[in-house]
Amino acid sequence: MRASAMTTELLQFTFSGLTVGAVYASVALGFTLIYNASHVVNLAQGEFVMLGAMSTVFLAAAGLPLPVAMILAVLISMVAGLALHRFAIAPARGADPIALIIITIGASIFLRGLAQIVFDKRFHSLPPWFGAEPIVIGGAAVLPQSLVVLAGMLVVLVGLWLFMTRTLFGRAILAASNNPMAATLVGINVPVIVAATFLISSLLGAVVGILVTPITLTSYDAGTILALKGFAAVMLGGIGNPPGAVLGGLLLGLAESFGAGLISSQYKDAIAFVILLAVLLLRPRGLLGGAALERV
Amino acid sequence: MLEIDRVCCAYGRVEVLHSVCLTVEQGEIVTLLGANGAGKTTLLRAISGICPLTGGEIRFEGERLDLVPPHRRVERGIAQVPEGRQIFTALSVEDNLRLGAWRRSDGAAIARDLARVFALFPVLAERRASVAGGLSGGQQQMLAIGRALMGSPRLLLLDEPSMGLAPLLIDQVMATIVELKRSGLTILLVEQNVSAALSIADRGYVLETGSIEIAGRASDLLTDPEVASSYLGM
Ligand SMILES: Nc1ncnc2c1ncn2[C@@H]1O[C@H](COP(=O)(O)OP(=O)(O)OP(=O)(O)O)[C@@H](O)[C@H]1O
Ligand SMILES: [Mg+2]
């Protein structure tokens with residue numbers, strides 16, 4: 001009896017960990033795409049998640065049908081992604097990495113401020129897709145929306161993977177990341193490719209942000225902590241390594257969920273930073289290995 | 001075909017090409033020689049647009065080339081095999097070749113050129129699905145040449161294709177270059193292997209610290225005492 005209650009509990013932690021982990025993974029993957037193409041560490045990545053979620057909330061409140069609101073919200077986030085590249089990153093081409101990071105921090109503060117004015121400072125939720133009644137899986141009570149988040153994440157990952165490996169445009173993105181000079185020589189317009197990675201990353205963030213809002217709620221400043229968690233996930237998985245980013249995100253979600261459940265939920269956010277520090281000290285290239293982060 | 005007219009290039013504030021003039025006529029192999037750091041790579045980079053000019057101009061088939069954005073120079077008919085190969089190590093051999101044709105949309109002709117590259121370098125066909133980073137040095141050089149050919153150029157720029165290759169492979173690469181010339185390609189070949197380059201070239205230039213010091217027919221350069229003493233080790 002006790003043993004099975006324990007198993008149930010662990011299963012419970014696993015589901016909630018994977019759900020939050022999917023959000024971290026999407027942010028981490030967005031980071032990685034942009035970093036690989038341009039060596040920009042985009043700390044505004046969390047704002048794409050926030051913009052997707054908050055825009056959906058307010059467009060729906062304005063009377064738009066929810067699916068329409070979601071699609072528009074994703075587009076809004078993508079416009080923000082393109083604008084970030086066009087007006088903040090592209091003009092600073094050739095600036096050193098630390099300056100670029102500061103630019104993205106500035107952009108993130110700007111987007112947050114804008115959200116505070118255009119939207120408001122309260123917490124918001126969205127209705128879950130299939131009701132709020134938990135489904136019992138192996139004794140654990142799972143929100144149907146958790147399954148929506150995980151399924152959505154899976155669809156996005158498979159879609160992105162197919163795009164990158166099966167289309168010539170996807171391979172051009174890989175080529176531009178792999179060797180920008182050679183990419184230019186074969187006629188690839190590298191700045192356009194970099195802009196495309198901002199577009200894809202903002203899409204990725206917005207989609208997952210919208211899916212997870214019924215569970216985690218959202219607010220104008222939800223992006224800040226997500227950017228930090230996503231960054232920790234990237235370091236955990238190995239910077240520049242897309243599968244590593246996804247793995248790092250999921251592991252971080254699990255670590256938080258188990259830490260909160262087994263130790264104390266007070267320390268939930270601290271866990272990410274303890275892990276980040278441990279990885280930086282013990283395995284600076286991350287679990288799956290990647291480029292060492294350039295010392296700046 | 002190609003006219004380099006009083007071209008200057010700089011990295012930061014250091015000028016490394018000082019008013020360089022050089023021409024390549026249709027159907028020629030022209031070789032550009034010179035010691036380490038003379039500026040040979042920089043000149044090829046200037047032609048491809050990777051290094052912006054700080055002075056002078058470049059004309060290709062009578063039109064200003066230096067005003068064309070770098071990524072649009074392939075479709076003008078110029079492809080480069082860069083120094084150190086610079087293949088896309090993370091991608092497959094076939095993807096490298098297909099990206100060489102990135103600017104083209106003529107599917108049938110691309111397929112024909114791919115078959116031609118595979119016929120020229122059968123080992124690339126064998127390893128078409130392998131990750132390019134796993135190829136040997138010689139194979140990577142073939143891939144870099146193949147990728148440039150996939151752009152369907154009329155002028156091919158080659159930067160030290162013999163670098164790091166065994167003598168047998170060097171002969172093979174030089175033979176390939178001659179074959180490409182026969183098929184109608186015009187070639188500008190940068191080499192440190194002076195005797196190999198001069199033996200296949202029609203004309204040659206010697207660049208010394210950013211200025212052209214010697215120019216002439218390849219056969220004359222081969223017997224030029226100055227070239228012989230500084231570059232042929234005689
Ligand atoms: N990216 C760069 N930044 C600054 N200086 C550079 C850069 N690349 C080359 N240089 C300098 O410009 C000069 C010309 O270099 P370049 O590479 O064109 O010579 P090269 O003739 O190709 O030499 P090698 O035979 O070694 O390839 C050298 O003094 C070199 O140090
Ligand atoms: Mg060189």
Side-chain angles (χ1 to χ4, degrees), chain A residues 29 32-39 85-86 90 93-96 160-197 237-245 285-286 288-292, chain B residues 12 41 44-45 47-52 68-105 107 110 129 131-133 140 143-153 156-159:
Chain A
L29 195 55
T32 305
L33 281 172
I34 292 178
Y35 181 81
N36 281 352
S38 61
H39 281 83
H85 173 261
R86 176 71 187 76
R93 203 166 40 147
D96 61 291
L160 188 61
W161 181 76
L162 288 176
F163 173 70
M164 288 306 228
T165 57
R166 297 295 155 89
T167 69
L168 197 59
F169 194 87
R171 281 171 296 183
I173 295 180
L174 297 176
S177 306
N178 191 204
N179 192 326
M181 199 261 286
T184 306
L185 286 179
V186 298
I188 294 170
N189 190 349
V190 176
V192 164
I193 296 285
V194 173
T197 62
I239 192 151
N241 181 330
R285 279 162 189 266
L288 294 192
Chain B
T41 297
L44 293 197
R45 284 190 186 147
I47 299 170
S48 293
I50 305 289
C51 279
V68 177
H71 68 276
R72 312 209 63 156
R73 295 191 191 186
V74 199
E75 60 204 279
R76 291 299 178 98
I78 299 175
Q80 181 176 161
V81 181
E83 184 175 55
R85 295 151 200 145
Q86 312 288 341
I87 55 168
F88 302 120
T89 48
L91 299 183
S92 74
V93 167
E94 181 167 348
D95 284 348
N96 268 270
L97 294 173
R98 289 199 179 279
L99 284 167
W102 171 249
R103 280 267 151 196
R104 301 168 60 192
S105 48
I110 293 174
V131 175
Q140 292 195 5
L143 182 57
I145 296 174
R147 183 181 64 187
L149 292 177
M150 288 302 291
S152 187
L156 185 64
L157 313 173
L158 291 145
D159 198 345

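Convention: sequence-line order gives letters A, B, ...; per-chain numbering from 1.
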Examine whether an atom of [X] lies under 4.5 Å from a heavy atom of chain A, and if so say whether it belongs to the side chain, the backbone or both; otherwise answer neither.
X	result
B:Leu99	both
B:Ala90	both
B:Ile87	backbone

Checklist entry - Taking atom CD of B:Glu83 and atom CE of A:Met181, what is their separation to the nearest 0.5 Å? => result 8.5 Å
Checklist entry - In Å, rounded to the nearest 0.5 Å, how long is the span from OG1 of A:Thr165 to CG of B:Asp95? => result 9.0 Å
Item to check | side chain to side chain donor-acceptor pair (under 3.5 Å): pairs with one or both residues in residues 177-192 of chain A, sequence neighbours excluded | outcome: A:Asn178-B:Thr89, A:Asn179-B:Gln86, A:Asn189-B:His71
Where [X] and [Y] come nearest, the two heavy atoms and their spacing:
X	Y	answer
B:Arg147	A:Val186	CD-CG1, 3.7 Å
A:Leu168	B:Trp102	O-CZ3, 3.7 Å
B:Val74	A:Gly187	CG2-N, 3.6 Å

Item to check | Any residue meeting side-chain hydrogen bond (donor to acceptor under 3.5 Å, both in side chains) with A:Thr167, in chain and number order, not counting sequence neighbours | outcome: none
